[in-house]
Amino acid sequence: MARAFAHEWILFRLACQMLTRFPAARGIDYAPALDAAAVRYYPAAGILVGLAGGAVFAAAFSPFGPSPAAVLAIAASVLLTGAMHEDGLADTADGIGGGQSAERALEIMRDSRIGVYGVLALVLVIVAKAFALATLSPWLGLAVLVAAHGLSRWSVVLVIATARYVRPSGTASPVAGAVSPVSHVIAAVTAVACLLLAGYAASPQAAAGLLVGLACGHVAVRAAYQAKLKGYTGDCLGATQQVSELGAYLGLLACL
């Protein structure tokens, strides 16, 4: 039992290191297989990011007002993750928008420079998230940030489990491939906990709306990149997280 717990703790630390800027896995004897197993804790790592953003939102709401609090909450999550998901969104938008073929799209997505499609995607998604969060009360905003960040990382796990990684190597290649049944269960249980939190903080109807919005965001962004790439890249995972998170906020607002 102790050995099993220690193994899961290592996987959780790896997930946190992969999805944030914290060197949470320092000192671990690394093995490539651990990266693939760590995807089960992506939603849990997302919860921690949401907690950080939610705490900033709740703390900043009273002295600064809802809109600055929303912007500061988003900024906190960006700082915590190193903007890796936002970077993926921008690269995916540039590749899909500017590439006439899959090969050209992948080439554009490797370019570190940002184009007009990437700028537009970032601005529209971040502004929409800020406006959505600014409509919430401090404590509802905290709960929704936790739930949306956790669930949007579950959305990423679903892509890894059901789509083909299209590069021979890349940032997401260590986690590409089949997701084990145990990983599916752990990720799904974490996602259910996020939904229950949203239902408790808002209402069951609002939680259902959050899930529907998340699903719509997931399907929409996957339809955009899979139609051209016939699979996904690490950038596509970032885009999935960002659009799924936005969908979750909008779905909840529609049912409040």
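Note that this is a predicted model, so its numbers are computed, not measured.
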Inset, instruction - Flag the pair V157 / P43 as yes when at least one side-chain heavy-atom distance between them is below 4.5 Å, and no otherwise. - result: yes
Inset, instruction - Give, for atom OG1 of T240 and atom CG of D235, the distance between the pair rounded to the nearest 0.5 Å. - result: 10.5 Å
Inset, instruction - Only counting residues at least two apart or in another chain, list the ones meeting side-chain hydrogen bond (donor to acceptor under 3.5 Å, both in side chains) with T190. - result: none
Inset, instruction - Report the C-alpha distance between T81 and L19 in whole Å, list the side-chain angles of each, state the deciding distance to 0.1 Å, and finish with yes or no for side-chain contact (heavy atoms from CB on, under 4.5 Å). - result: CA-CA 6 Å; T81 62; L19 297 186; 5.9 Å; no
Inset, instruction - If you link ILVMFWY side chains whenever their heavy atoms are less than 4.5 Å apart, which other residues fall into the same cluster as V219? By chain and number, please. - result: none
Inset, instruction - Hydrophobic side-chain clustering at under 4.5 Å (ILVMFWY, transitive links): who's grouped with V56? Put none if nobody. - result: F64, L72
Inset, instruction - Would you indicate whether the side-chain heavy atoms of Q17 and P23 approach each other to under 4.5 Å? - result: yes
Inset, instruction - For residues Y42 and I160, determine if any side-chain heavy atom of one lies less than 4.5 Å from a side-chain heavy atom of the other. - result: yes
Legend entry - Same apolar cluster: I108 and Y165, side chain cutoff 4.5 Å: no
Legend entry - Side-chain (K228) to main-chain (G99) donor-acceptor, under 3.5 angstrom: yes
Legend entry - hydrophobic_cluster_shared for L158 and V212, side chain cutoff 4.5 Å: no
Inset, instruction - Flag the pair R104 and E107 as a salt bridge only when some basic side-chain nitrogen lies within less than 4.0 angstrom of an acidic carboxylate oxygen. - result: yes
Inset, instruction - Could I get the full list of ring-ring contact (aromatic ring centres under 6.0 Å, His included) partners for Y117, not counting sequence neighbours? - result: none
Legend entry - Ring geometry between W9 and F5 (parallel below 30°, tilted from 30 to 60°, perpendicular above 60°): parallel
Inset, instruction - Kindly write out the residues that satisfy side-chain hydrogen bond (donor to acceptor under 3.5 Å, both in side chains) with T92, not counting sequence neighbours, or none if the list is empty. - result: none
Inset, instruction - Would you give the length of the straight line joining atom CG of L211 to atom CG of L252, rounded to the nearest 0.5 angstrom? - result: 11.5 Å
Inset, instruction - Measure the SG-CD1 distance between C236 and I96 for me, rounded to the nearest 0.5 Å. - result: 6.0 Å
Inset, instruction - Taking all non-hydrogen atoms of both residues into account, name the closest pair between A52 and L80 and its distance. - result: CB-CD2, 3.8 Å
Inset, instruction - Would you name the heavy atoms of A15 and A38 that are closest together and state the gap between them? - result: CB-O, 3.5 Å
Inset, instruction - Check salt bridge (charged side-chain N to carboxylate O under 4.0 Å, His left out) between R164 and all other residues, then give those that pass, not counting sequence neighbours. - result: none
Legend entry - Side chains of V179 and T162 in contact at under 4.5 Å (non-hydrogen atoms): no
Legend entry - In one Ile/Leu/Val/Met/Phe/Trp/Tyr side-chain cluster, 4.5 Å: V49, L197: no
Inset, instruction - Under 4.5 Å between side-chain heavy atoms, chaining through other members, with only Ile, Leu, Val, Met, Phe, Trp and Tyr counted: pull out the rest of the cluster around L196, sorted by chain and number. - result: V192
Legend entry - Residue pairs passing the salt bridge (charged side-chain N to carboxylate O under 4.0 Å, His left out) test where at least one lies in residues 189-208, sequence neighbours excluded: none
Inset, instruction - Using distance alone, with no hydrogens and no angle criterion, decide if T233 and Y225 have a side-chain donor and acceptor under 3.5 Å apart. - result: no
Inset, instruction - Determine the minimum heavy-atom distance between V166 and G231, stating which atoms define it. - result: CG1-CA, 3.5 Å
Inset, instruction - Output every pair passing ring pair (Phe, Tyr, Trp, His ring centres under 6.0 Å) with a member in residues 65-106, not counting sequence neighbours, ordered by first then second residue. - result: none
Inset, instruction - Determine the minimum heavy-atom distance between F12 and A45, stating which atoms define it. - result: CE1-N, 4.4 Å
Legend entry - Co-membership, hydrophobic cluster, residues W154 and V221, 4.5 Å side-chain: yes
Inset, instruction - Quick one: closest heavy-atom pair of V159 and R222, and the distance? - result: CG2-CD, 3.7 Å
Inset, instruction - State, yes or no, whether a side-chain contact exists between M109 and D94 at a heavy-atom distance under 4.5 Å. - result: no
Legend entry - Co-members of the apolar cluster containing V185 [side chain, <4.5 Å]: V189
Inset, instruction - For residues H7 and L34, report the shortest heavy-atom separation together with the two atoms involved. - result: CE1-CD2, 3.7 Å
Legend entry - Under the side-chain hydrogen bond (donor to acceptor under 3.5 Å, both in side chains) test, residues paired with R13 that sit two or more places apart: none
Inset, instruction - Verify the cluster assignment for L151 and L256: are they in a single hydrophobic cluster under the rule of side-chain heavy atoms below 4.5 Å apart? - result: yes
Run the side-chain donor-acceptor check on residues 121-149: report pairs under 3.5 Å with partners two or more places apart or on a different chain.
residue : atom : partner : partner atom : Å
K129    : NZ   : Q242    : OE1          : 3.1
K129    : NZ   : E245    : OE1          : 3.3
T135    : OG1  : A132    : O            : 2.7
S137    : OG   : L140    : N            : 3.4
H149    : ND1  : R153    : NH1          : 2.7
H149    : NE2  : E245    : OE2          : 3.3

Legend entry - Backbone N/O of L106 and side chain of R167: donor-acceptor pair under 3.5 Å: yes
